[in-house]
Amino acid sequence: MKRILIPRPNLFSFDECLWFLNRNYDDCLHVIEPGKIHKAICINGQNIAFTLQADERHLLLHLGDQQLSPQQEQALERYISDWFDLDRDITPFYKLLAKHKQLAYMATDYAGFRLIGIHDLFEALCWSIIGQQINLTFAYILKRRLVEQYGTPISFNDHTLHIFPAPEVLQSVSMEALRALQFSTRKAEYLLSIASLFAAGTLSKERLQQCSSYNEQVAQLTAVRGIGVWTANYAIMKSLKQLQAIPMGDVGLLNALTNHQLIKDRQDHTRIDKLFKQFKGWESYLVFYLWRSLSHA
DNA sequence: ATCCAGGGGTCAC
DNA sequence: GTGACCCATGGA
């Protein structure tokens, strides 16, 4: 039985991350059991399934009887680090939290919570488009239909895991098929055209990472039909981990700000900007912790 | 029935 | 750059 150990950093709570991934929604891209998570991913064209657990000092990756090359093992470790943002020292963020009266509690209540990523940019963009202007419960249902219909199922440890559909597959799906899954006409158009852009290589994570600045990344993404400021920043935050990304206008973000009495008027951009300036360099973390505050144990 | 949900596009000033 | 309007769909 293949097993890999990954050292766990300070200020990291596997339980807190797992809880968030499991909160109130039915995500089809992982399976969670007490203390562990199962997931399947595609790295360099190869499908890999794994179970992730934690002890006091490590994250434990269980691979069953899968054989991986050293390079694949490294790629998998990098994937895990990227997923849970393990390589980042988040103490500066905690110092900023401590200085903020209404938000200081987060440093203890959510201690060790990390910005959980979506490694695949195509998946991140599709997911944020699916989530546009509909409630999250329904968004997860739509994602599940899409993934079960066009993704790749993997059997592992008595679970059926799913890998998100490749753009090459999605680009040739018909509008009618997506409409039948209850995607709106607009969203179906957006998804199909973005799948084509990825399949053609016009759009890719690598290309976006070559941009010289965050602003340029936003510009490149928002030039695509269906990707507005919110979607672009969501993807940049979750996939590229550029921490200055803020999905402005996000309903959940505004609700959290209202709940904490940080704003009264949901259009008070001045106060919102002022708040985020206090968290310069950690804006995405602030957003993520505010989203965390929307769900209760 | 009506409003809302982790928005975006379009078009007029 | 800003604001008004429409788009789609399920849930509360």
Side-chain angles (χ1 to χ4, degrees), chain A residues 19-29 110 113 115-118 121 123-147 149 164 173-195 197 203 215 217-243 245-260 262-263 265-270 272-273 275-276 283-296:
Chain A
W19 184 87
F20 185 76
L21 284 172
N22 201 28
R23 52 204 155 118
N24 313 328
Y25 304 107
D26 178 31
D27 196 322
C28 58
L29 293 177
Y110 311 145
F113 185 44
L115 174 47
I116 299 169
I118 300 175
L121 176 64
E123 176 190 327
L125 285 170
C126 289
W127 172 232
S128 52
I129 285 170
I130 292 171
Q132 289 172 2
Q133 190 64 15
I134 59 174
N135 66 77
L136 268 182
T137 305
F138 182 49
Y140 276 103
I141 292 173
L142 287 178
K143 182 168 86 163
R144 178 175 285 281
R145 288 178 186 156
L146 190 72
V147 168
Q149 188 78 268
F164 196 80
V173 172
S174 71
M175 283 287 296
E176 294 71 29
L178 290 183
R179 292 284 296 123
L181 299 182
Q182 288 180 291
F183 284 84
S184 64
T185 303
R186 286 287 173 76
K187 286 187 182 179
E189 287 173 4
Y190 297 162
L191 291 177
L192 294 181
S193 68
I194 289 173
L197 290 175
L203 196 56
N215 287 334
Q217 292 175 336
V218 174
Q220 201 174 112
L221 283 177
T222 53
V224 177
R225 190 176 144 83
I227 302 179
V229 179
W230 178 85
T231 305
N233 278 280
Y234 181 90
I236 290 173
M237 160 181 168
K238 293 280 280 183
S239 192
L240 276 63
K241 297 284 183 78
Q242 296 269 26
L243 298 192
I246 306 169
M248 278 301 184
D250 178 80
V251 171
L253 173 60
L254 292 173
N255 286 343
L257 293 174
T258 306
N259 293 344
H260 287 83
L262 294 167
I263 54 170
D265 175 6
R266 295 168 76 85
Q267 306 209 62
D268 190 347
H269 301 109
T270 312
I272 298 176
D273 288 345
L275 172 67
F276 277 108
E283 291 90 340
S284 298
Y285 256 88
L286 178 58
V287 171
F288 206 60
Y289 271 56
L290 285 168
W291 282 347
R292 166 65 184 84
S293 75
L294 295 170
S295 303
H296 303 282

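Chain A is the first sequence line, chain B the second, and so forth, proteins listed ahead of strands; every chain is numbered from 1. From a predicted model like this one, the values you see are computed outputs, not experimental measurements.
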Mind listing the closest non-hydrogen atom pair of A:Leu142 and A:Phe183 along with its distance?
-> O-CZ, 3.7 Å
Hey, does the side chain of A:Thr231 reach the backbone of A:Ile129 with a donor-acceptor pair shorter than 3.5 angstrom?
-> no
What's the verdict on side-chain contact (heavy atoms from CB on, under 4.5 Å) for A:Arg266 and A:Val251, showing C-alpha distance, side-chain angles and the deciding distance?
-> CA-CA 9 Å; A:Arg266 295 168 76 85; A:Val251 171; 4.0 Å; yes
How close or far is atom P of B:dA5 from atom CG of A:Leu294, stated in whole angstroms?
-> 11 Å
Test side-chain contact (heavy atoms from CB on, under 4.5 Å) on A:Val224 and A:Tyr190 and set out the steps.
-> CA-CA 9 Å; A:Val224 177; A:Tyr190 297 162; over 6 Å; no
Could you check which residues of residues 226-233 of chain A get a heavy atom under 4.0 Å from DNA chain B? Sort them by number, please.
-> A:Gly226, A:Ile227, A:Gly228, A:Val229, A:Trp230, A:Thr231
Sole residue of A:Leu286, A:Leu253, A:Asn255 in side-chain contact (heavy atoms from CB on, under 4.5 Å) with A:Trp291 | A:Leu253
Contact summary for A:Gln132 and A:Gly226, nearest pair of heavy atoms | NE2-O, 3.0 Å
Grab the CG-P distance between A:Leu136 and C:dA12 for me, whole Å please.
-> 13 Å
Decide side-chain contact (heavy atoms from CB on, under 4.5 Å) for A:Met248 and A:Asp273; before the verdict, give the C-alpha distance in whole Å, the side-chain angles of both, and the deciding distance to 0.1 Å.
-> CA-CA 10 Å; A:Met248 278 301 184; A:Asp273 288 345; 3.8 Å; yes
Comparing A:Asn255 with A:Val224, nearest DNA chain B nucleotide closer to 5' gives the residue A:Asn255
Within the structure shown, what part of the strands sits under 4.0 Å from A:Val287 by heavy-atom distance: base, sugar-phosphate, or nothing?
-> nothing
Could you state the atom-to-atom distance from CG of A:Leu253 to C1' of B:dA5 in whole Å?
-> 15 Å
So, for A:Met175 and A:Ala188, which heavy atoms are closest and what is the spacing to 0.1 Å?
-> SD-CB, 3.6 Å
Centre of A:Phe20's six-membered ring, under 6.0 Å away, within 45 degrees of the axis: is that where NZ or CZ of A:Arg23 sits?
-> yes
Show each protein N/O and nucleotides 11-13 of chain B N/O combination with a separation under 3.5 Å, one pair to a line.
none

How long is the line joining CG of A:Asn135 and P of B:dC3, in whole Å?
-> 18 Å
What integer number of Å spans the P atoms of B:dC11 and C:dA8?
-> 15 Å
Geometric class of the A:Phe113/A:Tyr289 ring pair [parallel <30°, tilted 30-60°, perpendicular >60°] | tilted
When rounded to whole Å, the CG to P distance for the pair A:Leu191 and B:dG7 reads 15 Å
Can you give me the N/O atom pairs linking the protein to nucleotides 2-8 of chain C at distances under 3.5 Å, or say none if there are none?
none

Return the orientation label for the A:Tyr140 and A:Trp127 ring planes: parallel under 30°, perpendicular over 60°, tilted otherwise.
-> tilted
Please report, rounded to the nearest Å, how far the P atom of C:dG11 is from the CG atom of A:Asn24.
-> 16 Å
Please give, in whole Å, the distance from B:dG8 C1' to A:Asp250 CG?
-> 14 Å
Minimal non-hydrogen separation, A:Trp230 against A:Ser128, with atom names | CZ3-O, 3.1 Å
Is A:Arg23 touching bases, backbone alone, or none of the nucleic acid, heavy atoms closer than 4.0 Å?
-> base
Once you round it to whole Å, what is the distance between P of B:dA5 and OH of A:Tyr25?
-> 11 Å
